[in-house]
Amino acid sequence: MASLPKPLEDWFAARGWRPRSHQLAMLEAARPGRHTLLVAATGAGKTLSGFLPVLADAAEKGPRPGLKALYVSPLKALAADVERNLATPIREAGLPLGVETRTGDTSSEAKRRQRQRPPDILLTTPESLSLLLTWPEAERLFADLETLIIDEIHAFATSKRGDLLALAAARLRTLAPRLRLVGLSATIADPPAMANWLAPGAEVEIVRGAEAVPPDISILVPRGEIPWAGHNGRHAAREVMELLEEARQSIVFANTRSIAELLFRDLWTENDKALPIGLHHGSLSAEARLKAEAALVSGRLKAVVATSSLDLGIDWGDVDLVVQMGAPKGAARLLQRVGRSNHRLDEASRAVIVPGNRFEYLEALACLDAVAEGELDAEPHRPGGLDVLAQHIMGIACAGPFEAGSLYAEIRLAAPYAGLSRDSFDRALAFVATGGYALSGYDRYRRLVEEAPGRFRLTHPKLAQQHRLNAGVIVEAPAMTVRLGRGRALGQVEEWFATQLRLGDRFLFAGLTLELTGRSETDLYTRLARGAPSVPSYEGGRMPLSTHLARRVRGMLADPAQWRRMPADVRDWLEMQRRHSRLPPADKLLAESFPREGRHHLLLYGFEGRNAHQSLGMLLTQRMEKRGLKPMGFVATDYVLGVWGLEPVEDPASLFAGDIVAEELEEWIGATPFLRRAFRDVAIISGLVERQRPGARKTGRQMTVSTDLIYDVLQRHEPGHLLLEAAWAEASSRLTDIARLHALIARAREELVVSRLERPSPLSIPILIEIGAEGVSGMGEAELLAELLRDDREV
DNA sequence: GACCTGCTGCGGGATG
């Protein structure tokens, strides 16, 4: 086993610590220069472990010039936190190392200095790293770089930010041939796959931290019944309030921003003791978020209601309880959140899940099992975005002329682009150079010139400045700033929501009931008000039930021996289902059909997540239409798809015949407004349109107008354009889950178990209530239950 | 009037 150099050994000893075995393993792996992936629980000293080889090197070799280590974090705040945490060992062990951060918050003067005289260790974000690579000095700057540490690597690997980072890392491997890559995370489902993402084709040593004490996670069983429908756990606000009263400090996670707002209000209604409870989500102003964070860390806040805005990294205060409202949607996500409580390895983190309905109870139970067995759900790695690729190519051009052939080879070192064809690369390059065939007539899209065969450079140096001003892959929906009075900004609501508001309307935001008193192009002016408000919602991403949990839920339903672990009302529900219909088999697909109020319902218990169910609902209703079955609508949840129409579906299996996906799905995606919106995003990322010019940021509406115009031109004149392809990929991955849709259809074809009923089955009740909630039918929940119970007595 | 299933994250340079 490797040992620490003297100064570090003394430093550990002075603190009464001994290096943990995974820390020594990190040291050991670094000696021969091996890439490393560290998987260790929160509280295991993960970040220090990543840096330990860098610190040891400094202790042994003394001061050396140049940038030696680069650290990339998904959050600016985390980079700043790491800077503070590194300062202590460096100072106390007397190591000759300078550490600085470089993010959007860094002054341009400091950034310039860093380009000329870099610190030994630089802490940054993927965006800032990409921008650093656009400078001509990059080649010299990174020549001596030895280590690239990617923290919270799981947060990158399946996103466009990850594409950007992987491309930057590939570039760094060219500039710094001795570069060693290090990935850090607490929640990795498939370490070998992640190792391959980190350094495709290279050998990566996987180091595992010591096992932490298993978390203590329980499922809250409300005093009343577990609801039949609903997704947010708000029914248990009273019970949650009691938990908060008993705990030292808590984070209450909600799955959406609007639910966070509603829940915050609910908790205050129950807050008899007037405990300080805060609110934190991504649409609140930075000021409001920082205030909540500071109050959390200092202990002034007893609890905070948050979205995933508090998922990552930083140790938020003295939190000893995490509450998950509604379904956790995946074991890795739950574990990440549970890790926010109790950052000590030798004590269990405590968490409580509050399922929103009975299906969610099953999911919560499946999630507990998955966590206990250490089986996390993996998100599939996907090919990198062509829009991100275009941005990267432009960035490289900003640093100086390049050879297309060697850039292509380098880009394939990035995992998301390992399978990139030369043809796709050439199309991306041609797009950056001229805008592509249909746009090549416009001067403004000429960004590169081929100065010698295969050798490209910028057409004008000012393009580099433009690029730096517009780089990055995060595109936000057009939004308006909400102000109290005409002054303080409380945060942002999306434009589409803002346009629905009329003067005098009330809405719930930042925990306040606000009344709209005026508006400008970019701002909403408000005052405090009373009365029932509407609640803004946002067009964020979805969190589908993970494949892995879906399988567990099916297994649980099919195995009555497991029902003993469930509360009585859930158990009774399943028992009734067994008597009246059938249980969904673990490996087959259950379909139920029954008439109700003049309509015929068809329910498919797929458990493949909302996206897959929604696509299937669309496909099936199209087919039913063609067959004259007069479909009227469908509803999809993570668990079930419900379709209804005027005629019964006599043979549900026949709906799945032939190639149902290829044509109809394409037609559908092509017809949705999502495609246009996706085009807007890729047009921005690829650099086709500019978000800002020096001194002026464009409004969301301006951006949308210009991308809409280009979209129409390309649709007409060049339907095969690179950006239409990229938009297509984006829209289809957001709208549907092709892999799971295929799995669902395959199960339907192989064996569809059909249960024909006279009345709704117990399992169908949640979805029937959901249909009622959408105003399609006026059936009441009470009526449904009464009917079912009457039916039950007859058996 | 009550009800909400759509998360997160970043980002220039030089000057006055």
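Proteins come first, then strands; the chains are lettered A, B, ... in the order of their sequence lines, and each starts at number 1. These numbers come from a predicted model, not from an experiment.
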Exercise. NA contact type, A:His467, heavy-atom cut-off 4.0 Å: base, sugar-phosphate, or nothing?
Worked result: nothing

Exercise. With respect to A:His392, which candidate in A:Asp387, A:Thr134, A:Leu167, A:Asp163 satisfies the side-chain contact (heavy atoms from CB on, under 4.5 Å) definition?
Worked result: A:Leu167

Seminar exercise, completed: Note: for A:Leu262 and A:His280 on DNA chain B, the residue whose nearest nucleotide lies more 5' is A:Leu262

For this session: Identify whether any heavy atom of A:Trp135 sits under 4.0 Å from a base atom; if not, whether one sits that close to sugar-phosphate; answer base, sugar-phosphate or nothing.
Result: sugar-phosphate

Problem set entry | side chain to side chain contact (heavy atoms under 4.5 Å, CB included) partners for A:Trp268, two or more places apart | A:Phe264, A:Asn271, A:Ile277

Seminar exercise, completed: Between NE2 of A:His231 and P of B:dA2 the distance, given in whole Å, is 21 Å

For this session: Specify the separation, in whole Å, of atom NZ of A:Lys329 and atom P of B:dT8.
Result: 17 Å

Exercise. With sequence neighbours left out, what residues match A:Glu730 under salt bridge (charged side-chain N to carboxylate O under 4.0 Å, His left out)?
Worked result: A:Lys160, A:Arg734

Problem set entry | Partner of A:Leu334 by side-chain contact (heavy atoms from CB on, under 4.5 Å), out of A:Val322, A:Asp377, A:Ile353 | A:Ile353

For this session: Validate the cation-pi geometry between A:Arg468 and A:Trp135: distance from NZ or CZ to the six-membered ring centre under 6.0 Å, angle to the ring axis within 45°.
Result: yes

Seminar exercise, completed: Testing B:dG9, B:dC10, B:dA2 for proximity to the side chain of A:Lys76, the answer is B:dC10

For this session: Quickly work out the A:Phe497 CZ to B:dG6 P distance and round it to whole Å.
Result: 12 Å

Exercise. Which of these nucleotides, B:dA2, B:dG9, B:dT5, is closest to any side-chain atom of A:Ala532?
Worked result: B:dA2

For this session: Look at the side chain of A:Arg257 and decide which nucleotide, out of B:dG11, B:dT8, B:dG9, has an atom nearest to it.
Result: B:dT8

For this session: Select one nucleotide: of B:dG12, B:dG9, B:dG11, the one nearest the side-chain heavy atoms of A:Ser128.
Result: B:dG11

For this session: Rounded to the nearest angstrom, tell me the gap between atom CG in A:Leu75 and atom P in B:dC10.
Result: 6 Å

Problem set entry | Contact under 4.0 Å: A:Ser258 side-chain N or O vs B:dG6 OP1/OP2 | yes

Exercise. Between B:dG12, B:dG9, B:dG6, which one does the side chain of A:Thr256 approach most closely?
Worked result: B:dG6

Exercise. Quick one: which of B:dT5, B:dC4, B:dG11 gets closest to the side chain of A:Arg234?
Worked result: B:dC4

Exercise. Of all the choices, B:dT5, B:dA14, B:dC7, which nucleotide is nearest to the side chain of A:Ser308 once you look at every atom?
Worked result: B:dC7

Problem set entry | A:Arg333 side-chain proximity, nearest of B:dC4, B:dG12, B:dC7 | B:dC7

Exercise. Which nucleotide in the set B:dG9, B:dG13, B:dG11 lies at the smallest distance from any side-chain heavy atom of A:Thr103?
Worked result: B:dG11

Exercise. A:Arg113 CZ to B:dA14 P: how many Å, rounded?
Worked result: 13 Å

Exercise. Which parts of residues 470-481 of chain A get close to DNA chain B, meaning a heavy atom less than 4.0 angstrom away?
Worked result: A:Ile474, A:Glu476

Exercise. Partners of A:Ala186 by side chain to side chain contact (heavy atoms under 4.5 Å, CB included), sequence neighbours excluded?
Worked result: A:Thr42, A:Lys46

For this session: Mind jotting down which residue pairs meet the salt bridge (charged side-chain N to carboxylate O under 4.0 Å, His left out) criterion with at least one end in residues 125-137 of chain A? Sequence neighbours excluded, please.
Result: A:Arg115-A:Glu137, A:Glu127-A:Arg161

Exercise. Atom CD of A:Gln500 to atom C1' of B:dC4: distance rounded to whole Å?
Worked result: 14 Å

Exercise. Is A:Thr307 side chain donor-acceptor paired with the B:dC7 base, going by distance under 3.5 Å alone?
Worked result: no

Problem set entry | Results of side chain to side chain contact (heavy atoms under 4.5 Å, CB included) for A:Asp151 - residues two or more places apart only | A:Thr47, A:Tyr71, A:Leu78, A:Leu184

Problem set entry | Closest-nucleotide 5' rank along DNA chain B - winner of A:Asn232 and A:Arg468 | A:Asn232

Exercise. Of the nucleotides B:dG12, B:dC7, B:dA14, which one has an atom closest to the side chain of A:Arg112?
Worked result: B:dA14

